Amino acid sequence: MKIRLPDGKELELRPNATVADVAEALGGRWRKEAVGAIVDGELYDLLKPLPEGAEVRLITKKDPEFQHLFRHTLAHVLAQAVKEFFTQKGYPEDAVKLGIGPVIENGFYYDIDPPEPISDADLPAIEAIMRDILRRNLPLRRTVLSREEALARYQDKDPYKTELIGDIPEGEPISFYSQEGFTDLCRGPHVPRTGMIPPHFKLTHVAGAYFKGDHTRPQLQRVYGVAFRTKEELKEHLWRIEAAKQRDHRKLGRELELFLVDPMVGKGLVLWLPKGNVLREELITLMRSEQKARGYQLVTTPHIGSLELYKTSGHYPYYAESQFPPMTLEDDEAYLLKPMNCPHHIRIFAAKKRSYRELPLRLAEFGTVYRFEQSGELHGLTRVRGFTQDDAHIFCTPDQVKDEFKSVIELTLYVLKILGLSDFRARIGTREPGSDKYVGDDALWNRAERQIQEAAEEMGLDFTLEAGDAAFYGPKLDFVVRDALGREWQLGTIQVDYNLPQRFDLTYTGPDGTPHRPVMIHRAPFGSIERFVGIIIEHFAGEFPLWLAPIQTVIIPITDRHTEYAQKVNAELSAAGLRSEVDGRQERMQAKIRDWEKQKVPIILVVGDREMEEGTVAVRDRRKKTRYVMAVDELIQSLKERIAERRLE
RNA sequence: GCCGGUGUAGCUCAGCGGUAGAGCAACCGCCUCGUAAGCGGUAGGUCGUCGGUUCAAAUCCGACCGCCGGCUCCA
């Protein structure tokens, strides 16, 4: 057979040759250093036969792809180690059953069904066995079996693997990778010997995971590990995790007294403390003024609505699982805590005859909604059971959809930019083909999906398409960010909806004097204010820019005799609209500075004899990391500017 | 909801079969101080809850509740 090399040269090899044969043929340092290859764009190991005519680029330990190879093999080593761990405990050879063991960002995991639960405390012992397997430097072999042979291998031994074999499409090779003492169904690729795996890995935690991610299937135990090429990368990674924990919004929320989740009030229900509420209010003020500038009108609607309303909208019983149960009155009248604002806004639209001249009609509300999220899913501010959306519903003509959609993208990008949030991605959720969980007819769906994509493209937005991520009534564009620990959260969302107007039989009178069906756009640039504040806390690590800071300035008198002057300065700052305080505690100046630095207050003003005489303040600017003396009115002027422009400094 | 872990003072944590401790915070007092912790004192906990084992339980066991890490879900 023949293959092609990156320099265009062809190489003649024996039939069914592997990357190892290529390395051998090339000789020299390749023979020693090749660990795999990129074959027609796909990562191959040394063991898998090459396709005829393939383009082969060899890789060594220095290439980033190497990481993928050894992480994958580490997953196998982990599974082997767990098997040995339980054999040592006296369990039979096949007591441990295996799911899948893939490579993930920074490492790998393996889903395991053990004879008794694995706990975090077992990880060091399992890790020790893994290191021993690396030390033994076991060679890996790749074998291909027929479907019958493969099934026979796991017959009555491992139901998961049996099922996985069944999932392999007809015609694809059913390959196994083995090393001494362990064989696994696997498509590869792997390193050729366990000794080639860098020993810089660590098992991090164990968690439950449903087989194939399906909660109706058995739950396996997923053991997670991280692995890197060098000791430094591993250390760096572990350090980053520790550093990220320092900016966890739940920790900062407690330390900076921003918010509280009190079990006595109820889980997933946020109590906003005075300081945290400042963040909320500032963000709402920002959004309110931007929306006003873009032609939105504010409305206010109640926290509950009649069950009939949600039956008409289709939210009930479709989402009954994730709603607080209806409140039923004696005469069978029932109400639902509102899980969404749209039905209320729809009734405002429907309240009178609407003309095409009124459209687009943009009804906005910072509306609080309640959803019965699963208890295990609750998480600080980012997953709660009651939250406020910066919600609005745009009622428009079909022709206006794209422009309105683009305008919302513009608004969203604008506020994200003000906050310096640049690390987000956009994804367009479309229907999952063949699923029956959507309402509305195909033509409308196709049209909406096309309009969203065009709007995003025309706004120059990079996005990914994700089938199955649509809302039940229409496709959507979501903005997604990562928190300090790398978890992804959905923030803003824009959704086109042809269906609710139909369900509520909404119409407007067109220029032709006849009724027409409006289109709705659901949109929330922040999404949930709670979640957004949570992300903002982590984004700034609690060191908020001046305009957001709950306390903007603190004045520290050096001794008692400076307190009066401090209060005078404070009065001037407060009159100028700054959130300011005097620290009049019986403490040394140093101690006060330390306390307020820990509270991450942006501006600390120290006043003593000199300042009192000159009518100045000594400024300690946290974000600029500088100190300077300034006249009070001058300072006020400069701070007001920073705030008005919402500068990030 | 499921699997695993965890729960001691407001916070961070020690104690892990013999009946509860530290630092910080709070409160009182002294100190009047120039850019990240001055000193002394006081008060504060039915050791998440309920049940079991034991002469004796914060400590061992069970259930429940909360929290943490995942999984599932997310209009």
Side-chain angles (χ1 to χ4, degrees), chain A residues 109 111-114 117-123 204-224 245 248 250-251 254-255 257 261-264 266-268 310 313-316 318-323 338-343 369 371-380 383 389 391 429 437-439 469-474 476 478 485 487 489-490 493 495 497 499-500 522 524 527-528 531 556-563 586-599 604-611 618-620 622 627 629:
Chain A
Y109 70 75
D111 283 348
I112 296 161
D113 182 1
I118 301 169
S119 84
D120 291 336
D122 297 326
L123 296 183
T204 52
H205 57 290
V206 41
Y210 296 103
F211 183 53
K212 291 184 172 175
D214 180 346
H215 71 284
T216 64
R217 308 298 304 273
Q219 194 165 39
L220 310 181
Q221 284 198 290
R222 177 170 296 177
V223 179
Y224 284 91
K245 285 183 186 161
D248 189 314
R250 294 165 299 184
K251 178 179 154 73
R254 190 167 47 238
E255 289 173 359
E257 296 186 356
V261 181
D262 179 0
M264 196 167 179
K267 50 187 172 183
Y310 299 103
S313 72
H315 290 110
Y316 191 90
Y318 190 88
Y319 282 105
E321 291 280 285
S322 44
Q323 288 160 3
K338 74 174 171 189
M340 302 211 77
N341 300 304
C342 36
V369 298
R371 297 182 186 176
F372 190 73
E373 303 289 358
Q374 300 198 32
S375 63
E377 194 53 52
L378 300 173
H379 184 98
R383 182 62 128 227
Q389 296 176 312
D391 208 359
K437 64 178 189 178
Y438 308 103
V439 297
D469 262 358
F472 76 95
Y473 49 69
K476 58 176 185 168
D478 292 330
L485 288 163
R487 290 176 284 226
W489 299 98
Q490 178 196 312
T493 180
Q495 308 169 358
D497 180 1
N499 294 296
L500 283 180
H522 308 241
S528 142
R531 176 178 291 178
I556 298 177
I558 291 175
T559 74
D560 284 351
R561 67 175 179 279
H562 308 118
T563 304
Q586 292 300 303
E587 273 296 347
R588 289 172 71 220
M589 178 196 69
Q590 283 87 339
K592 293 182 187 178
I593 289 175
R594 180 169 193 271
D595 288 347
W596 291 109
E597 284 289 351
K598 277 171 66 183
Q599 283 292 305
I604 294 174
L605 303 171
V606 177
V607 297
D609 290 337
R610 291 201 294 271
E611 289 75 19
V619 184
R620 197 184 154 103
R622 184 179 176 87
R627 300 215 302 263
V629 176

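First the proteins, then the strands, lettered A, B, ... as listed; each starts at 1. None of these values were measured; they are calculated from a predicted model.
Figure legend. B:U54 is base-paired to no nucleotide; pairs are counted as Watson-Crick or G-U wobble with both atom distances under 3.5 Å. As the counterpart of B:C71, B:G1 is assigned, both hydrogen-bonding distances of the Watson-Crick or G-U wobble pattern falling under 3.5 Å. Summarising the base pairing, B:G38 is matched to B:C30 through a Watson-Crick or G-U wobble pair whose two defining distances lie under 3.5 Å. Across all strands shown, the partner of B:G66 is B:U6, judged by Watson-Crick or G-U wobble contacts whose two distances both fall under 3.5 Å. A 3.5 Å limit on both hydrogen-bonding distances identifies no Watson-Crick or G-U partner for B:A25. With a cut-off of 3.5 Å on both pairing distances, B:C47 has no Watson-Crick or G-U wobble partner at all.
Of the residues near RNA chain B, A:His215 and A:Cys342, the one whose nearest nucleotide (by heavy atom distance) lies more toward the 5' end is A:His215.
The aromatic rings of A:Tyr473 and A:His522 lie parallel to each other, their planes meeting at an angle below 30°, with 60° marking the opposite boundary. Between A:Trp489 and A:His379, the ring planes are tilted. Angles from 30° to 60° get that label.
Under a 4.0 Å N-O distance rule, the pair A:Lys212/A:Asp214 does not qualify as a salt bridge. A salt bridge links A:Glu597 and A:Arg620; the closest N-O separation between the charged side-chain nitrogens and carboxylate oxygens is under 4.0 Å.
Nucleic acid contact for A:Pro339: base, since at least one base atom lies under 4.0 Å from a heavy atom of the residue. Heavy atoms of A:Tyr473 sit under 4.0 angstrom from primed sugar atoms or phosphate atoms, though from no base atom. No contact: A:Glu257 has no heavy atom under 4.0 Å from any strand. Counting non-hydrogen atoms under 4.0 angstrom, A:Arg254 reaches the backbone sugars and phosphates but no base. Residue A:Lys476 is classed as a sugar-phosphate contact, given heavy-atom separations below 4.0 Å to backbone atoms only.
Checked by atom type and distance alone, the side chain of A:Arg371 pairs as donor or acceptor with a backbone atom of A:Pro339 at under 3.5 Å. The closest donor-acceptor contact from the side chain of A:Arg531 to the backbone of A:Gln490 lies under 3.5 Å. Under a 3.5 Å cut-off, the side chain of A:Gln389 and the backbone N or O of A:Asn341 do not form any donor-acceptor pair. Judged by distance alone, with hydrogens and angles left aside, the side-chain atoms of A:His562 form a donor-acceptor pair with the main-chain N or O of A:Asp609 at under 3.5 Å.
Separating the C1' atom of B:G66 from that of B:C30 is a span of 43 Å, rounded to the nearest Å. B:A9 and B:G44 are spaced 6 Å apart, taking the C1' atom of each and rounding to whole Å. Atom C1' of B:C24 sits at a distance of 33 Å from the matching atom of B:G70, rounded to the whole Å. Separation of the P atoms belonging to B:C33 and B:C28 is 23 Å when rounded to the nearest angstrom. Taking atom P in both B:G21 and B:C47, one finds a spacing of 14 Å when rounded to whole Å. When the P atom is compared between B:G4 and B:C11, the two are found 28 Å apart, to the nearest whole Å. To the nearest whole angstrom, the two P atoms, one in B:C68 and one in B:U8, are 14 Å apart. For the P atoms, the distance linking B:C60 with B:U6 amounts to 10 Å, nearest Å.
Applying the 3.5 Å distance criterion, the base of B:C74 shares no donor-acceptor pair with the side chain of A:Arg371. Judged by distance alone, with hydrogens and angles left aside, A:Ser322 brings a side-chain donor or acceptor within reach of the base of B:A75, the pair sitting under 3.5 Å.
For the atom pair A:Thr559 OG1 and A:Met589 CE, the distance stands at 11.0 Å (nearest 0.5 Å).
Distance A:Glu255 CD to B:A25 P: 14 Å, rounded to the nearest Å. Rounded to whole Å, atom P of B:C3 lies 13 Å from atom CG of A:Leu220.
Considering A:Lys251, A:Lys245, A:Arg250 as possible partners of A:Asp248, the one that fulfils the side-chain hydrogen bond (donor to acceptor under 3.5 Å, both in side chains) test is A:Arg250.
Where stacking is scored as ring centres under 5.5 Å apart with planes under 30°, A:Tyr319 registers as stacked on the base of B:A75.
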How does protein contact run along nucleotides 31-41 of chain B, one letter per nucleotide 5' to 3', with B for base contact, S for sugar-phosphate only, - for none, heavy atoms under 4.0 Å? BBBBBBBB---
Spell out protein contact along nucleotides 64-71 of chain B as letters: B when the base is contacted, S when just the sugar-phosphate is, - when no protein heavy atom is under 4.0 Å; keep the 5' to 3' order. --SSSBBB
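With A:Tyr109 as the aromatic partner, A:Arg222 meets the cation-pi criteria of under 6.0 angstrom to the ring centre and within 45 degrees of the ring axis.
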